[in-house]
Amino acid sequence: MADAVAGLAEMAAAVAEGRVSSRELTERSLARIAAAQPSLNAFRIIRAEAALAEAEAADRRLARGERLPLLGVPVAVKDDMDVAGEPTAFGCAGDFPPKPADSEAVRRLRAAGAVVVGKTQTPELGQWPFTEGPAFGATRNPWDTEYTPGGSSGGSAAAVAAGLVPAALGSDGAGSVRIPAAWTHLVGVKPQRGRISTWPEPEAFHGLTVNGVLARTVADAALLLDAASGQAPGDLHRPAPVPAAEAAGRPPGRLRIALSFGTAFTATTGKSCDPVVRSAVERLAGRLEELGHEVVPEDPRYGPIGLTFAPRATAGVRELAARAPDPGLLDPRTHGAARTGRLLGGAALRISRRAEGALRRRVGELFGRFDVVLTPTTATGPLRIGALAGLGALATDRAMIAACPYAWTWNVLGWPGVSVPSGFTPQGLPLGAQLLGPAHSEPRLLSLAAQLEAAEDWAAHWPPGTTDQKGPIRPEFDGR
């Protein structure tokens, strides 16, 4: 029965076994999206007609006996990924033309049989840890609609957390998958650079940004990661495949884990971890010890890593902003970042890229003594809607670094990280913790995350107003 189905893996199994049709699942997903859109605003584009046609095609393939990992299952993708026939506005205002072809990540999802129901909201060019903008309004957190789901993959996170889709693709350039995962009680995987293709971009934001996944369980995240992984011929980064779903199903063994609350140097002040966040991560560290792991306080030696981030990030903004059909509609902060990117896009950018190897060796020294690093995902709980609206560029940078100082370093290094739920604030808002590893360590991170999930039972907790995926969210759903 469709009513008994919840989660990506469960949906895939139910469709394959004939217990539910793809059209039924897709209709239900579209109904939930339509009911929640006025309050959550998770989607920039809803592909109702196209998705139903894809679902009917999937049902015909299933009837012929065809089987694929995600055949007939509805999913969503962030609106920085191309879907054939749809525009890719990446959070910007203006009239963007339809794309002629799928991006490689979307192509791989389709090759696995998935039905793409829509494209999710993101702030302008993915720059901020909130999902708001004049082009589309504010995307809201299903746990409390007065708060942001985070960003920049905030639409994907809101959609998954509210049960509109079982899983979604996002992208992560400074924590943009992991931050919204933390603030919406999800599992968010930032994989190794190149694990999921960024094509038609050979790399994104000069190697900072990777495509990643958001789901309610580790098994679902691993299943989507396996389906989306792989490279296009023109990709600059081509890591060898890893078996994510297989790793999520096996125990991690006894690990030595570094517990870190230290942050890398940036030219800002005010970076301190909220005591509620710290307590939640320390509680999770205690759970890891109960599971047999050794947890030792130790900070990575980040060194000058902060100096290498801005040239890559702002040069990336400059390049993407130049593609906007009407630059006059861009946020003033985007223009400021583009100007900085013009200044830093030459020698500073080249030095930043050359420094990456030395930084990997410096930070990677820790992994001669530890297997995993445990940190907060963010330094605070979710921000209120509009908290950073109207601020200037410098004030915005300071505010978002203060709230989110823990995630971006792993983007410079290109290494994998997984955000997992760590608890809730006294107001009932979700918090997260990161499991970070060296190059190609997704299997270990996913195995450890799955062990934690079995002990913590994260998936039992849903936002108020939706208890499971058994029916459409009420039209009056408001997150509380």
Side-chain angles (χ1 to χ4, degrees), residues 44-45 77-83 86-106 119-136 151-156 169-177 190 193-194 196-212 232 234-237 308-346 348-350 352-353 393 396-397 400 408 411-412 414:
R44 181 73 181 256
I45 295 170
V77 302
K78 184 177 177 179
D79 192 29
D80 62 344
M81 301 178 194
D82 295 347
V83 174
E86 309 289 355
T88 299
F90 203 173
C92 299
D95 186 15
F96 287 77
K99 293 293 184 177
D102 292 334
S103 65
E104 180 65 12
V106 173
K119 302 185 74 180
T120 57
Q121 304 282 20
T122 174
E124 197 165 283
L125 305 183
Q127 296 172 84
W128 304 303
F130 54 86
T131 302
E132 302 164 38
F136 60 89
S152 64
S153 303
S156 287
L169 289 185
S171 60
D172 190 312
S176 290
V177 161
K190 173 215 172 300
R193 185 184 298 153
I196 300 176
S197 174
T198 54
W199 192 259
E201 304 297 333
E203 65 174 4
F205 279 84
H206 298 276
L208 291 179
T209 296
V210 303
N211 290 330
D235 284 333
L236 290 182
H237 308 284
T308 72
F309 181 83
R312 296 164 71 169
T314 57
V317 170
R318 180 196 177 197
E319 291 158 8
L320 288 177
R323 304 178 192 176
D326 187 347
L329 297 177
L330 294 174
D331 191 297
R333 292 172 288 190
T334 299
H335 287 294
R339 287 192 294 271
T340 302
R342 190 159 45 247
L343 292 173
L344 300 181
L349 178 60
R350 291 191 295 272
S352 296
R353 295 307 302 265
T396 299
D397 287 346
M400 67 182 186
W408 60 269
N411 293 88
V412 173

Give every donor-acceptor pair under 3.5 Å between a side-chain atom in residues 312-320 and any protein atom, sequence neighbours left out.
unit_1, atom_1, unit_2, atom_2, d
Arg312, NE, His206, O, 3.0
Arg312, NH1, Glu356, OE1, 2.9
Arg312, NH2, His206, O, 3.0
Arg312, NH2, Glu356, OE1, 2.9
Thr314, OG1, Ala310, O, 2.7
Glu319, OE1, His206, NE2, 3.4
Glu319, OE2, His206, NE2, 2.8

Let me confirm one number: the CG-SG distance from Leu330 to Cys92, rounded to the nearest 0.5 Å.
5.5 Å

On a heavy-atom basis, which atom in Gly170 and which in Ser153 lie closest, and how many Å separate them?
CA-OG, 3.5 Å

With rounding to the nearest 0.5 Å, note down the distance linking CG in Asp331 to CD in Gln127.
7.5 Å

With no hydrogens and no angle check, is any side-chain donor or acceptor of Asp172 less than 3.5 Å from a backbone partner on Asn411?
no

Does any non-hydrogen side-chain atom of Asp102 lie less than 4.5 Å from one of Val83?
yes

Nearest heavy atoms of Thr334 and Ala321, plus distance in Å:
CG2-CB, 4.2 Å

Separation between CG (Asp79) and OG1 (Thr131), nearest 0.5 Å, reads 11.5 Å

How close do Met81 and Ser103 get, counting heavy atoms only, and between which atoms?
CB-OG, 3.9 Å

Decide yes or no for Thr120 and Lys78: does some side-chain heavy atom of the first lie under 4.5 Å from some side-chain heavy atom of the second?
yes

Can a donor-acceptor pair be found, under 3.5 Å and without considering hydrogens, that links the side chain of Asp235 to the backbone of His237?
no

When rounded to the nearest 0.5 Å, the distance separating OG1 of Thr88 from CZ of Phe96 is 9.0 Å

Measure the spacing between CD1 of Ile196 and CD of Glu104 and express it to the nearest 0.5 Å.
11.0 Å

Would you confirm whether Ser152, through its side chain, and Ser176, through its main-chain N or O, come within 3.5 Å as a donor-acceptor pair?
no

Name of the residue among Asp80, Thr198, Asn211, Thr122 meeting side chain to side chain donor-acceptor pair (under 3.5 Å) with Ser171:
Asp80

Closest non-hydrogen contact found for Ala232 with Ser197 is N-OG, 3.9 Å

Within the side chain of Lys190, is there an N or O that forms a donor-acceptor pair under 3.5 Å with the backbone of Gly212?
no

Expected output: side-chain Lys119 to main-chain Pro87 donor-acceptor under 3.5 Å:
yes

Inter-residue atom distance Arg333.CZ - Thr396.OG1, 0.5 Å rounding:
4.0 Å

